[in-house]
Amino acid sequence: MNHYPNLLNPLELGFTTLKNRVLMGSMHTGLEDKARDFPRLAAYFAERAKGDVGLIVTGGFAPNIVGWLTPFGSTLMSRRQLPRHRLVTDAVHQHDGKICMQILHSGRYGYHPLVVSASDIKSPITPFKPRALSVKGVYRQIDAYVRCAKLAQQAGYDGVEVMGSEGYFINQFLVTRTNKRNDEFGGEYANRMRLPVEIVRRVRQACGENFIIIFRLSMLDLVPRGSNWDEVIQLGKAIEAAGASLINTGIGWHEARLPTILTTVPRAAYAEVTGRFRQHVNIPVIAVNRINTPEVAEQVLASGQADMVSMARPMLADPHFVAKAAAGTPQRINTCIACNQACLDHTFTKQTSSCLVNPQACYETLLTIEPTHQAKNIAVVGAGPAGLAAATTAAERGHQVTLFEANGEIGGQFNLAKRIPGKEEFHETIRYYRVKLDETGVDLKLNTRVDAASLEHFDEIILASGVTPRVLSIPGIDHHKVVDYMDCIYGNRSIGEKVAIIGAGGIGFDAAEYLLHAGHSTSLNPEDYFRYWGVDLDQRAGVENVKPNPGTPARQIWMLQRKTSRPGKSLGKTSGWVHRATLKMGKVKFLTGVDYRKIDDSGLHITIDQQDQLLDVDNVIICAGQLSVTELLEPLQASDKPVHVIGGAKLAAEIDAKRAIKQGTEIAAAL
Ligand code: FAD
Ligand code: NAP
Ligand code: SF4
């Protein structure tokens, strides 16, 4: 039975038909930038085409050098570049897929000194002030778009996506925030929208009728002096008239001061915006942002909010998302948890993108999982992320695997993570592994804390026993006010209204959010999230005249660290600022350079800059890092069995699920 009649319904575009309503949205992976990486890029897209996605959009390619995102970054501007692109289009077409190339001109968002824009106004998030283009210069950019689209057509792409949102070049012409011109490309809105309309009109003219043109239109800028709703509609109608085949939704400029795709954003929170827009145009429109399950996608389509849904990161997490939904096995989908840790955080730190829950993403040719020629009897100790990845991968390859877990449930520390408001998605990873353990026939032994002796009959042992909270030696550490993060987050202890948190790393921040929100998550429904961050869909750009309303914090929290650096410095590049903003809105007080003296009935005694202070708190929560659990290591090594140590058990410092799952997968792929 088809549970997703709308999602799996083909979309007729006149000259071509898309096999379903799923668009794999554009993501820059880093593989686009170098010719030598195109075989990897082709394998990456081929896997998604094999998984039956309706239409793929590549990461952005600049139409010329001034449009670069980074120096020597991805471009399509000459015939010499065609052969490498043909690797990609051929690979996708071989699997009966369709692929469009995104044309991305960065404008002032480029990280290089050649940047150009509508006006010479520097962006708050990039270091280079752009040069304002002359009218002739603007027409040269339009010519570059047209050349780029024609080259894409020659390379075998089924179409192009013209990137007109997220604050890039085209967006910079549309709004008075960045466009101060008074010529034919500035001033009244009809002039400001001339650039995108002209690009679409001329690309259609150059590439003919049988070529997909998607225009990514910024429907909600989420920055002051962005477009208002009338302008958005006016642009949409003009883009349709200019010849676009599909309109994709853009939400928020990169410089917007609120999260738009992170796990703290409710699923499909912005589909309503696309729904409102859809009533005004006759071509299909695409909804975006935080659509990560077939159920949510189906609901967006069934409710008439869109004709198609874009999922970008979910296709990194599981290339076979669509095929699994179509087979009626959505529980087998490895769900994107919107953490950004291995995708966007990598992009912004110049590493190749991948996926926390799927380390094979973008490594399809390098990390392969093949059937084994020599089945072994393998024990895995610990069913945290590392052990789960190792056990299921080894079993998938044909090994006989027994997985021992001391607790009554799988997941390890992910069971704490999923309790943090805004991290509800982490449940999905545990669900995915539960299903996969079953499917691959892993023999799971819960409530079983193993010792070395009981592992004697196995051929090889994978030790994934994880981490345990570091116990501090501050005088008074045994005082009843002291609670470790596990007891705090599991709710094993009741916590007072005044709290000091020792440690300002990832877990300290999460513990603070848990205590601030007191069980109420603003990530579950759009109204709560919009109110919290100050979004009103009826206001210009969604944010003008609106203030965030985080409500009254449930507790007074002090967050402490010994270092004098900025608290939360170790948090993710694309998520750290959100956590810092949340805690700031919760009026959390940060203290750095702290020396902890003692804990007693009156609270936590500290010294900062040689000044003694007393924090009169009800509880002191210890989030001071962790230590590896390795008690089995020595006895196991004493036997002559091969022992592989992975995840937190191998190295506690900076352990996260990304490293744990990657190590688990890699070791099992090599056994
Ligand atoms: P663990 O998760 O510690 O699992 C080890 C398992 O081994 C445990 O289940 C334990 O019971 C079992 N075990 C130990 N000894 C034995 C034995 N002798 N016999 C049987 N079983 C045994 N990471 C991220 O990447 N992103 C996040 O957003 C994130 N958020 C977090 C939020 C919180 C509140 C916490 C606490 C952690 C968070 N983490 C996050 C960290 C992440 O969960 C850990 O890095 C990851 O779980 C480590 O995986 P692991 O498998 O190595 O160890
Ligand atoms: P962490 O990030 O290393 O932070 C540990 C904190 O404890 C630091 O603030 C440190 O600050 C303090 N500390 C360390 N030793 C101490 C001691 N002896 N006495 C007092 N304070 C001490 O580790 P974590 O917070 O436990 O997080 C563990 C891992 O989980 C992280 O590496 C992270 O990758 C992952 N995680 C990620 C997220 C996420 O959102 N991506 C969320 C949660 C967890 P000082 O040394 O300055 O005092
Ligand atoms: Fe999704 Fe996280 Fe994977 Fe990125 S790294 S695709 S956000 S699960």
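In this text, all values refer to a predicted model and were calculated from it rather than measured experimentally. For reference, positions follow the sequence shown, starting with 1. The analysis underlying the following values was restricted to heavy atoms, covering all of them including side chains, and did not include hydrogens, waters or symmetry mates. Note that ligands are numbered from 1 as they come in the structure, with each ligand's atoms numbered from 1 the same way.
- Regarding atom 51 (O) of ligand 1, its nearest protein heavy-atom neighbour is A386 N, 3.0 Å.
- Counting the atoms of ligand 1 from 1 in the order shown, those under 4.0 Å from a heavy atom of G648 are 52 (O).
- At a heavy-atom cutoff of 4.0 Å, ligand 2 is contacted by no atom of Q413, backbone or side chain.
- For ligand 1, the atoms lying closer than 4.0 Å to a non-hydrogen atom of A464 are 5 (C), 6 (C), 7 (O).
- Ligand 2 places these atoms under 4.0 Å from at least one heavy atom of K563: 10 (C), 11 (O), 45 (P), 46 (O), 47 (O).
- Comparing R419, K423, E409, K445 against atom 30 (N) of ligand 1, the shortest heavy-atom distance belongs to K423.
- If you look at L388 next to ligand 1, there are no close heavy atoms at all, none under 4.0 Å.
- In this structure, the protein non-hydrogen atom closest to atom 12 (C) of ligand 1 is E405 OE1, 3.3 Å.
- Counting only heavy atoms of the protein, atom 32 (C) of ligand 1 lies nearest to D510 OD2, 3.1 Å.
- Proximity of atom 3 (O) of ligand 2 to the protein is not indicated, since no non-hydrogen protein atom lies closer than 4.0 angstrom.
- Annotation: atom 17 (C) of ligand 1 to nearest protein heavy atom, V381 CG1, 3.6 Å.
- Contacts between I489 and ligand 1 below 4.0 angstrom, taking non-hydrogen atoms only, involve the side chain exclusively.
- Closest to atom 14 (C) of ligand 1, if we only count protein heavy atoms, is S465 O, 3.2 Å.
- Shortest contact from atom 49 (O) of ligand 1 to any protein heavy atom: P385 CD, 3.4 Å.
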**Message:** Quick one, R267 with E425, criterion salt bridge (charged side-chain N to carboxylate O under 4.0 Å, His left out). Give me CA distance, side-chain angles, the key distance, then yes/no.
**Reply:** CA-CA 10 Å; R267 290 174 173 180; E425 292 289 358; 2.8 Å; yes
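- Ranking the protein heavy atoms by distance from atom 23 (N) of ligand 1 puts A657 N, 3.4 Å first.
- Nearest protein heavy-atom contact of atom 8 (S) of ligand 3 is I337 N, 3.4 Å.
- For T448, the closest heavy-atom approach to ligand 1 falls below 4.0 Å.
- Using a 4.0 Å cut-off to heavy atoms of Q626, the atoms of ligand 2 that qualify are 24 (P), 26 (O), 27 (O), 28 (C).
- For atom 2 (O) of ligand 1, the closest non-hydrogen atom on the protein side is Q413 N, 2.8 Å.
- Heavy atoms of C339 found under 4.0 angstrom from ligand 3 belong to the backbone as well as the side chain.
- If you number the atoms of ligand 2 from 1 as listed, the ones under 4.0 Å from a heavy atom of G625 come out as 5 (C), 7 (O), 26 (O).
- Using a 4.0 angstrom heavy-atom cutoff, Y514 does not count as in contact with ligand 1.
- Listed by atom number, the atoms of ligand 2 under 4.0 Å from D510 heavy atoms are 42 (C), 43 (C).
- Distances below 4.0 Å separate heavy atoms of G466 from the following atoms of ligand 1: 1 (P), 3 (O), 5 (C), 52 (O), 53 (O).
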